[in-house]
Amino acid sequence: MQKFPKKERLSGKKAIGELFKKGNNSFTYPFKILIHYNDTFIDSHLRLLITVPKRNFKKSVDRNRIKRLIREAWRLNKSEAQQKMAESAFTVDVALVYASRTILTYKEIAPKIILILQRLIKEYEVHTTTSI
RNA sequence: AGGAAACAUCGGCUGUCGCGGAAGCCGCAUGGCUUACGAGGAAAGUCGGGACAGCGCAGAGCGCCAUACUUCCUAACGGGAAGGGGUUUCACUGGAAACGGUAAAACUACAGAGAGUGCCACAGAAAAUUACCGUCUAGUCAUGUCCCUGUUGACCUGACUAGAUAAGGGUGAAAACGUGAGGUAAGAGCUCACGCUGCCGGAUGGCGACAUUCGACAGGGGUAAACCUUAUGGGCUGCAAGGCCAAAUAUGCCGGCGAAAGUCACUUGUUGACCGAAAAGAUCGCUCGUCUGAUGCCGGUGGGUAGGCUGCUUGAGUUGUUUGGCAACAAACAUCCCAGAUAAAUGACAGUCAUUCGCUUCGGCGAAAACAGAAUCCCGCUUAUGAUGUUUGUUUAAU
RNA sequence: UGCCUGAUAGUGUAAUUGGCAACACGUCUGACUCUGAAUCAGAAGAGUUUAGGUUCGACCCCUAAUCAGGCAA
């Protein structure tokens, strides 16, 4: 099943503030990526936040479309990462900030998301070994 | 065929995977399954107006703000409908001219400039009860001419003084009713004829704005999207309003804040209490009024929390028929329940069928598909928009 | 969500009862210098964010739009 319920989405002023304040910053075109490891388990093992800045896209139609495409790509490809993290005792928060100024199609976005998820798995393995 | 206005609709179906709340079922529970439903005409701008909610009643006067032809519609509006007046354009037409008449189209923030104040650059004599040049009359002086040589004759020209006048002075965006005649020392609506405009009164038509007509009077520019006058309306704040629950905490720190006249008490003074209502504060501003008024109030600063439920979607509602009305719209009857998210759902991929465009070897192939995304709800306005269809009237061509 | 300001040469600012759009820096040309900078002289560069209206006349007044900035919770 390739679902994407509410629990796997990051929400709440406090959690988002924490993520943007303490998260590790990296960049993979066209996304700016923020990752933060919570010490305790909250709702789900992997939580995602999608952001499209209003500065680059003035019309809410465009912002909505980009967010929907990213969410769709994430939903269809996230299962591997979720399986790896299934036994851990903490939660990984991820924020994707869309940094391009043009609207990409689904066929362009999907490979990038797959790439980002693979990197995420590698980073996760490093994090677990060092922390233990 | 072109362009205009109004209204309606924007992709359909199948498959695979998802999202949101609702209802039902299963489960101790996290949850799972099924069913139907799930963006717009502008959801936008936040420009008007309401509903709803809260605020130490919101009251009076002044100020402030908004609106401004009439009637009607509406819950209300700065919105809409119908009508009136005006402006511009074009055609025909009357007249010597000034200026009108008829018909059509487009536009119209359209109360008052004859209540008051201000302003009108440059140019022009003058920009608003004018007077520079000019024109005319009278007087004084000077020069000259004439002859009847006058104490002080007549006339021409010039200067000065006192008055009359507003015809002409070609400027300007705008010039003191227009044209013609009379009249006069010169002139002037000073008078007359024709025409124009305004105001008052009467009559007729219209609910009314107003129109037509008669009489009398007047002819003193423009600007109120300058101040203003008149009339009407306006309490303020907004669903992040407001209510409830949970969690957390600090009556934290700094500054400011009064008591007239009077009574009582004893510890007789920077005392306490009563009465009273001052300072201060609230009500958009000011004055009054009202209310609060000491473990209190006001201002500043700082700490904690920042989760959930409700408000929340059944409403000036949708669709249809009939009736009334020129229309906006209203009434009656029947019918239906039709989004409620919260870092924020309404989607992705594949195929196929329609629509439009281009190329066609007429088999097809390729491409495109506007403006744009609900956030308390509703009625308007404004702005952005590619098509397709229907209706209406208009222009051109043909019959 | 609800409000409030502003928009003028390339840049920063002026422009008052509504009457010729101004100043500084920058740019360009010339002079000075072996060359450059500084200095001196001169020139160009806008029609006032856009559209409509009021007025004889609009940066200024009114209406609508566009863009930018700010405030409250």
Side-chain angles (χ1 to χ4, degrees):
Chain A
M1 281 293 144
Q2 294 162 324
K3 296 190 174 179
F4 190 59
K6 213 177 217 176
K7 283 183 178 179
E8 297 182 16
R9 278 175 271 161
L10 182 62
S11 71
K13 215 173 187 177
K14 218 173 171 183
I16 293 162
E18 195 103 322
L19 172 61
F20 275 94
K21 209 172 180 182
K22 298 182 181 172
N24 293 322
N25 204 329
S26 64
F27 190 86
T28 304
Y29 181 82
F31 297 105
K32 182 182 174 186
I33 304 156
L34 289 153
I35 302 167
H36 180 242
Y37 298 92
N38 281 301
D39 296 333
T40 53
F41 179 84
I42 309 160
D43 292 338
S44 172
H45 294 289
L46 181 64
R47 294 194 298 180
L48 176 68
L49 172 76
I50 304 164
T51 301
V52 181
K54 202 173 189 176
R55 195 194 299 174
N56 293 352
F57 299 96
K58 295 201 73 89
K59 288 165 187 169
S60 59
V61 175
D62 298 336
R63 291 198 300 276
N64 276 345
R65 168 134 192 99
I66 291 162
K67 283 159 83 172
R68 280 166 183 161
L69 290 172
I70 295 167
R71 199 176 59 219
E72 195 68 15
W74 183 269
R75 178 176 71 80
L76 293 170
N77 299 301
K78 70 186 162 74
S79 53
E80 191 184 346
Q82 274 183 322
Q83 281 170 11
K84 293 263 182 187
M85 298 172 188
E87 278 122 38
S88 66
F90 49 85
T91 297
V92 183
D93 289 341
V94 179
L96 293 177
V97 180
Y98 190 81
S100 173
R101 280 175 185 274
T102 53
I103 303 168
L104 302 176
T105 59
Y106 178 77
K107 287 177 181 173
E108 289 169 311
I109 287 172
K112 305 285 182 186
I113 296 290
I114 293 165
L115 189 69
I116 288 163
L117 278 163
Q118 283 169 353
R119 284 188 188 178
L120 187 65
I121 291 162
K122 276 183 194 170
E123 271 191 46
Y124 169 76
E125 282 168 349
V126 170
H127 182 80
T128 46
T129 49
T130 49
S131 63
I132 295 163

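Every chain is numbered from 1 and lettered A, B, ... according to where its sequence line falls, protein lines coming before strand lines. Below, each value reflects all heavy atoms present in this structure, side chains not excepted, and no hydrogens, waters or symmetry copies.
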Heavy atoms only, 4.0 Å cut-off, all strands: where does A:Arg63 land among base, sugar-phosphate and nothing?
nothing
Categorize A:Leu10 for me: base, sugar-phosphate, or nothing, with a 4.0 angstrom heavy-atom threshold over every strand shown.
sugar-phosphate
Would you please confirm or rule out a distance under 4.0 Å between OP1 or OP2 of [N] and any side-chain N or O of [X]?
X	N	answer
A:Arg65	B:rA348	yes
A:Lys6	B:rU342	yes
A:Ser60	B:rA43	no
A:Lys3	B:rG18	no
A:Lys67	B:rG347	no

Would you say A:Trp74 and A:Ile50 make side-chain contact, with heavy atoms under 4.5 Å?
no
Any side-chain heavy-atom pair of A:Lys78 and A:Phe4 under 4.5 Å
yes
[N] - base-pair partner by Watson-Crick or wobble geometry, distances under 3.5 Å:
N	answer
C:rU55	none
C:rA64	C:rU50
C:rA43	C:rU27
B:rU267	none
B:rA103	none
B:rA68	B:rU230
B:rU161	B:rA138
B:rA193	B:rU179

Please measure how far the [atom1] atom in [N] lies from the corresponding atom in [M], and state the result in whole Å.
N	M	atom1	value
B:rC210	B:rA98	P	31 Å
B:rG79	B:rG50	P	14 Å
B:rA209	B:rU70	C1'	4 Å
B:rG78	B:rG48	C1'	6 Å
B:rC378	B:rG315	C1'	8 Å
B:rA370	B:rC10	P	15 Å
B:rG198	B:rU88	P	15 Å

Side-chain-base donor-acceptor pair under 3.5 Å for A:Arg75 and B:rC19
no
Kindly point out which of B:rA343, B:rG20, B:rU346 is positioned nearest to the side chain of A:Leu49?
B:rA343
[X] side, atom [atom1]; [Y] side, atom [atom2] - distance, nearest 0.5 Å:
X	Y	atom1	atom2	answer
A:Leu96	A:Lys112	CG	NZ	13.5 Å
A:Lys67	A:Leu49	NZ	CG	8.5 Å
A:Ile113	A:Leu48	CD1	CG	8.0 Å
A:Glu125	A:Leu120	CD	CG	10.5 Å

Mind calculating the distance between [atom1] ([X]) and [atom2] ([N]) to the nearest angstrom?
X	N	atom1	atom2	answer
A:Tyr106	B:rC17	OH	C1'	10 Å
A:Phe4	B:rA345	CZ	P	11 Å
A:Leu69	B:rC19	CG	P	17 Å
A:Trp74	B:rA348	CH2	P	20 Å
A:Glu72	B:rA350	CD	C1'	13 Å
A:Arg9	B:rG347	CZ	C1'	12 Å
A:Asp62	B:rA44	CG	P	17 Å
A:Ile70	B:rA345	CD1	P	13 Å

A:Lys32 side chain to A:Ala95 main-chain N or O, any donor-acceptor pair under 3.5 Å?
no
Can any side-chain N or O of A:Glu108 pair as donor or acceptor with the backbone N or O of A:Thr105 at less than 3.5 Å?
yes
A:Leu48 vs A:Lys7, nearer the 5' end of RNA chain B by closest nucleotide:
A:Lys7
Could you say whether A:Pro5 or A:Thr51 is positioned toward the 5' end of RNA chain B, judged by the nucleotide with the nearest heavy atom to each?
A:Pro5
Could you check C:rG47 for me: syn (within 90° of 0) or anti?
syn
